[in-house]
*Asks:* 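Have a look at this one before I ask anything.
These numbers come from the heavy atoms of this one structure, side chains and all, not from hydrogens, waters or symmetry mates. First listed ligand is number 1; within each ligand, the first listed atom is number 1.
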Amino acid sequence: MSVSNVLAQPVSEIKGIGKETEEALNEMGIETIEDLLHHFPFRYEDYRLRDLAEVKHDEKVTVEGKVHSEPSLTYYSRKKSRLTFRLLVGRYLITAICFNRPYLKNQLSINETVTITGKWDQHRQAITVQELKKGSFTEKQEIEPVYSTRGSVTVKGMRRFIALALQQFGHTIVDPLPPAIRQKYRLLSKAEALRAIHFPRTHEDLKQARRRLVYEEFLFFQLKIQALRKFHREHSAGIAHTFSDEQLQLFIEQLPFPLTGAQKRVVAEILEDMKSPYRMNRLLQGDVGSGKTVVACIALYATVLSGYQGALMVPTEILAEQHAESIRRLLEPMNVSVQLLTSSVKGKRRKEVLEKLASGEIDIIIGTHALIQEEVNFHKLGLVITDEQHRFGVEQRRILREKGQSPDVLFMTATPIPRTLAITAFGEMDVSIIDEMPAGRKKVETYWVKHDMLERVLAFIEKEIRKGRQAYVICPLIEESEKLDVQNAIDVHSMLTHYYRGKYRIGLMHGRLSSEEKEQVMKAFSNNEVQILVSTTVVEVGVNVPNATVMLIYDAERFGLAQLHQLRGRVGRGSEQSYCILLADPKSETGKERMRIMTETNDGFVLSEKDLELRGPGDFFGTKQSGLPEFKLGDMVHDYRILEAARNDAAKLIQSNVFWSDESYKLLRQSLEQSGILSGEKLD
Ligand code: ADP
Ligand code: MG
């Protein structure tokens, strides 16, 4: 048996683990010795003596001290009592509190040394004692691992099994990381790391073990992603678009504005992908208002010039209509036929659109989920673009893509994706970033006000309307109940109607309206027939009414930063100064923190990094289908430096000869082979 196979044996090979234990461990999904060694503690009990200055409120701690006062005992009832005494711990004089141990009163004497374990109450400078031992226990300086367990397996048992496994098989642990990498980061060997993650001697020991194992976990993951990327490039037979650069250039030159530098750069990146024979798989990130639509439009025109059809899928009908309108305006003069397909395109009209799409008479189709229905067939689909792509599931994106023969794919998002997520959730994609705003944009001024300031805010809105401007008023989304949500909007609408006494027209928009009704309201707002639009968050994405200069957000603390930023992006789209007013009385610290951050920065990338910190990766996209991987030990947010290092290493390795041939990379190569990526099974 080769050394590396030893650990693949069942746990019963460990002396001291019998049939019964084996079964119990199997129940927990632990079959092999390796599984057992990779069952990491989820936390540690720290019995080492610590300096109270370092201990946080409510943390469990063990201290040694000298009894400094006569214990005093109080009974609450016959069985319930509380005993307190002063304890001198180093330079601290603290209070020790023991519940229901009245007998201690006669056992403790002044100046006697005791060791106690319990929760530290920093405010009262007191410890509620869980364990008390007489004397000094400096020998018990240890950190004990705590494991998740099930069935008959106890935490103590788990500790013993793992100790036995390490004892018997520790010397057979082989290191999948080559010496070159280990030396580069001064990482512990795999054997040392496993020993230390289970039985750390010091905090530093534990830290080094984690660092090593997290790196390994991230590297495995990133190698897979980078391999996917490489094999995608080499094996995906995509469309090599051919179009005349001059013709495209002519189109770009007659746009109503010159492209920004960033737009030019991303257009070049996209066009190069489209010309190449492999299938484009690109993510286009650009903050709200950075001008992604025109970039999409240029790419769509390029596919049409090479004889293909293009599709743009967006998450809401309003957005589909707006995109259809602006793209039609730009492309119809070039003799390109642009059509809209949403669920409100019905009957005869729908039939006609579907027919013309299948026959190739329609060049570009813009729509919602309606585009991925079975009845939708293309003549020759060359390019698929999805806007706000994280709102669509992986599956929906796949269906649309499969309506063509390996069409090029471009995902657009206005949610600036923090780097850590970009290299995990979207690691296998190429990324283009628009990091520059069109010239002449004014920064939206953002204010955070309490609800009792509402009257002043309404007066301010009136002032803006008198100048000819318009305002959005956003009511909070109530997750649990769309009904309450709608009611909220209705209430605010009637309150405002009452307040402004019919001087202005106030529109109402929410998810319960039919799409025709929504469209009507939106049109009226676009044409300034309605001055104030009260809405739920349905206007969050993409909506473009440049004359609107005020965005008032009720209960702003209920929204995430990314969402607030999206909402704020609805104003500041014209040449006038715009304002975003956050109406909020947040109770929590993070709520307050979010409001502060909003008033301090307009930079979507800064906000998204903060949002990730405050909410964690799981909540970031707000959807389950975001494709975020789960790591056993690594934490994308806190370990992001390690993640970044692993990603850079993986990218280099996959491109290098050494990785594919050198003996020292054999185990890493094996992990890729086992994942099926190398044989192309997992290309999507
Ligand atoms: P987003 O990236 O949020 O989708 P849009 O594509 O809707 O942004 O663009 C926002 C506004 O900026 C639109 O009115 C668009 O016409 C305008 N715009 C886009 N690019 C430029 C540019 N290079 N110069 C000036 N205005 C631009
Ligand atoms: Mg957009």
Side-chain angles (χ1 to χ4, degrees), residues 248-249 251-270 282-301 310 312-316 318-333 338 364 366 385-392 410-417 431-444 470 472 522 525-528 537 539-549 551 562-576 578 580 602-605 607-608:
L248 204 59
Q249 205 47 50
F251 170 63
I252 293 173
E253 272 160 26
Q254 57 81 58
L255 287 170
F257 42 73
L259 295 183
T260 62
Q263 283 170 323
K264 282 187 196 151
R265 178 168 40 75
V266 302
V267 164
E269 287 163 0
I270 291 165
R282 190 170 278 280
L283 179 68
L284 174 60
Q285 290 191 55
D287 211 340
V288 272
S290 62
K292 291 183 295 298
T293 315
V294 67
V295 171
C297 190
I298 293 167
L300 289 168
Y301 187 44
L312 171 60
M313 182 158 81
V314 301
T316 66
I318 299 174
L319 199 53
E321 282 152 18
Q322 284 203 344
H323 273 315
E325 206 180 295
S326 55
I327 290 176
R328 197 176 278 146
R329 216 170 29 235
L330 294 171
L331 284 179
E332 271 181 356
V338 180
I364 290 171
I366 293 163
I385 304 181
T386 57
D387 197 6
E388 290 310 324
Q389 62 90 30
H390 64 274
R391 286 166 185 260
F392 296 107
L410 181 68
F411 305 100
M412 302 200 293
T413 179
T415 308
I417 299 171
V431 178
S432 291
I433 299 179
I434 307 183
D435 51 5
E436 177 187 356
M437 286 288 176
R441 287 281 165 76
K442 289 209 177 79
K443 198 173 139 236
V444 177
Q470 291 163 274
Y472 292 97
M522 232 25 245
F525 190 59
S526 277
N527 302 334
N528 200 0
T537 51
V539 298
E540 180 189 339
V541 270
V543 172
N544 193 23
V545 179
N547 190 47
T549 54
M551 166 60 67
Q563 208 176 10
L564 289 172
H565 185 60
Q566 286 295 317
L567 288 167
R568 179 166 61 186
R570 294 312 106 218
V571 295
R573 302 175 83 84
S575 51
E576 302 298 324
S578 291
C580 175
N602 270 286
D603 183 325
F605 278 97
L607 281 166
S608 73

*Asks:* Going by the order shown, which atoms of ligand 1 are within less than 4.0 Å of some heavy atom of T260?
*Replies:*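 What qualifies from ligand 1 is 23 (N).
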*Asks:* Which distance, rounded to the nearest 0.5 Å, do you find between the CD of Q254 and the CG of L330?
*Replies:* 7.5 Å
*Asks:* Let me confirm one number: the OG1-CG distance from T293 to D387, rounded to the nearest 0.5 Å.
*Replies:*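 Answer rounded to 0.5 Å: 6.5 Å.
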*Asks:* When you look at CD of E325, are more than 12 heavy atoms from neighbouring residues, nucleotides or ligands closer to it than 6.0 Å?
*Replies:*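 At most 12 heavy atoms, drawn from other residues, nucleotides or ligands, come within 6.0 Å of this atom.
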*Asks:* Which atoms of ligand 1 have any heavy atom of P258 under 4.0 Å away?
*Replies:*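 Per the distance check, 22 (C), 23 (N), 24 (N).
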*Asks:* Under 4.0 Å from a heavy atom of L259: give me the atoms of ligand 1 that qualify, with their elements.
*Replies:*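 Listed by number with element: 23 (N).
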*Asks:* Side-chain donor-acceptor pair under 3.5 Å between E269 and S432, yes or no?
*Replies:* yes
*Asks:* I want to check something: taking the side chain as every heavy atom from C-beta on, are D435 and F605 in contact at a cut-off of under 4.5 Å?
*Replies:*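 They are not in side-chain contact.
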*Asks:* Measuring from atom CD1 of I385 to atom CE of M313, what distance do you get when rounded to the nearest 0.5 angstrom?
*Replies:*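 Between atom CD1 of I385 and atom CE of M313 there are 12.0 Å.
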*Asks:* Report the part of M412 (side chain from C-beta onward, or backbone N, CA, C, O) that has a heavy atom under 4.0 Å from ligand 1; answer both or neither where that applies.
*Replies:* neither
*Asks:* Hey, what do you get for CG (L410) to OG1 (T386), rounding to the nearest 0.5 Å?
*Replies:* 7.5 Å
*Asks:* Which ligand 1 atoms does T293 reach within 4.0 Å, using its non-hydrogen atoms?
*Replies:*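 It comes down to these atoms of ligand 1: 4 (O), 5 (P), 6 (O), 7 (O).
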*Asks:* Quick one: which ligand 1 atoms are inside 4.0 Å of a heavy atom on D287?
*Replies:* 2 (O)
*Asks:* If you measure every N or O of F257 against every N or O of ligand 1, does any of those distances drop under 3.5 Å?
*Replies:* no
*Asks:* Examine G289 against ligand 1 and note whether any of their N/O atoms are separated by less than 3.5 Å.
*Replies:* yes
*Asks:* Would P438 count as a polar contact of ligand 1, with the cut-off being nitrogen or oxygen pairs under 3.5 Å?
*Replies:*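 N/O-N/O distance below 3.5 Å does not exist for this pair.
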